[in-house]
Asker: 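The structure is given below, and queries will be raised subsequently.
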Amino acid sequence: MQKGAADPAIKQKVLDYLDTVEKAKSKEIAKAISEEKSAVDLAVKELAFEDKVEYLYITTTFVALKGKVAPPE
């Protein structure tokens, strides 16, 4: 079963929320914006493809706005 495109409203909610935090997990974003995690996952995937967010692997996976979190030294 193929999923459609992410809802633009959810993508904007994700970007707005990530602007208020340094980094967050997908489930934290979903809870904060009151959306289903699967919809948030799809939005984050598209935003990463659009180079607006990035995945961070710090013992677990986080999401952050592109360039907001400095790389480890």
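Keep in mind it's a predicted model, so treat the numbers as computed, not measured.
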Asker: Do F62 and L18 land in one hydrophobic cluster if side-chain heavy atoms of ILVMFWY residues count as linked below 4.5 Å?
Answerer: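 In one cluster with F62: L18, no.
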Asker: Taking NZ, NE, NH1 and NH2 as the nitrogens, is one of them in D7 or K11 under 4.0 Å from a carboxylate oxygen of the other?
Answerer: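 No, no charged N to carboxylate O under 4.0 Å.
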Asker: Taking 4.0 angstrom as the limit, do K52 and E46 come out as a salt bridge?
Answerer: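 Salt bridge between K52 and E46, a charged N being under 4.0 Å from a carboxylate O: no.
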Asker: Taking Y55 as the starting point, is it possible to reach V53 by hopping between hydrophobic residues whose side chains are less than 4.5 Å apart?
Answerer: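 They do share one cluster, since a chain of ILVMFWY contacts under 4.5 Å joins V53 to Y55.
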Asker: Under a 3.5 Å distance rule, please check whether E54 uses its side chain to pair with a backbone N or O of V63 as donor and acceptor.
Answerer: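 Side chain of E54 to backbone of V63, a donor-acceptor pair under 3.5 Å: no, none is there.
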Asker: Compare every heavy atom of I10 with every heavy atom of A43, then report the nearest pair and how far apart it is.
Answerer: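 Heavy atoms of A43 and I10 come nearest at CB-CG2, 3.9 Å.
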Asker: Are V44 and L42 grouped together when hydrophobic residues (ILVMFWY) are joined by side-chain heavy atoms under 4.5 angstrom apart?
Answerer: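 No, V44 and L42 fall in different hydrophobic clusters.
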Asker: Shortest non-hydrogen contact from T61 to K25?
Answerer: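 Result for this residue pair: O-CG, 3.8 Å.
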Asker: Taking atom CD of E36 as the centre, does the number of heavy atoms from other residues, nucleotides or ligands within less than 6.0 Å exceed 12?
Answerer: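 It does not: E36 CD has 12 such atoms or fewer within range.
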Asker: Working to the nearest 0.5 angstrom, can you tell me the gap between K31 NZ and Y17 OH?
Answerer: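 Taking NZ in K31 and OH in Y17, the distance rounds to 10.0 Å.
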Asker: Identify whether the distance between the nearest side-chain nitrogen and carboxylate oxygen of E22 and K68 falls below 4.0 Å.
Answerer: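 Looking at K68 together with E22, the answer is no, because their closest N to O distance does not fall below 4.0 Å.
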Asker: Check I29 against A24 and note the closest heavy-atom contact, atom names and distance.
Answerer: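 Looks like CG1-CB, 3.8 Å.
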Asker: Hydrophobic clustering (ILVMFWY, side-chain heavy atoms < 4.5 Å, transitive) - are Y57 and L65 grouped together?
Answerer: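 Yes; Y57 is reachable from L65 via cluster members.
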Asker: For the residue pair A64 and L56, what are the closest heavy atoms and their distance?
Answerer: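 Looks like CB-CD1, 3.7 Å.
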Asker: Check the pair D41, K37 against salt bridge (charged side-chain N to carboxylate O under 4.0 Å, His left out), reporting the backbone distance first and the verdict last.
Answerer: CA-CA 6 Å; D41 287 341; K37 184 179 176 296; 2.8 Å; yes
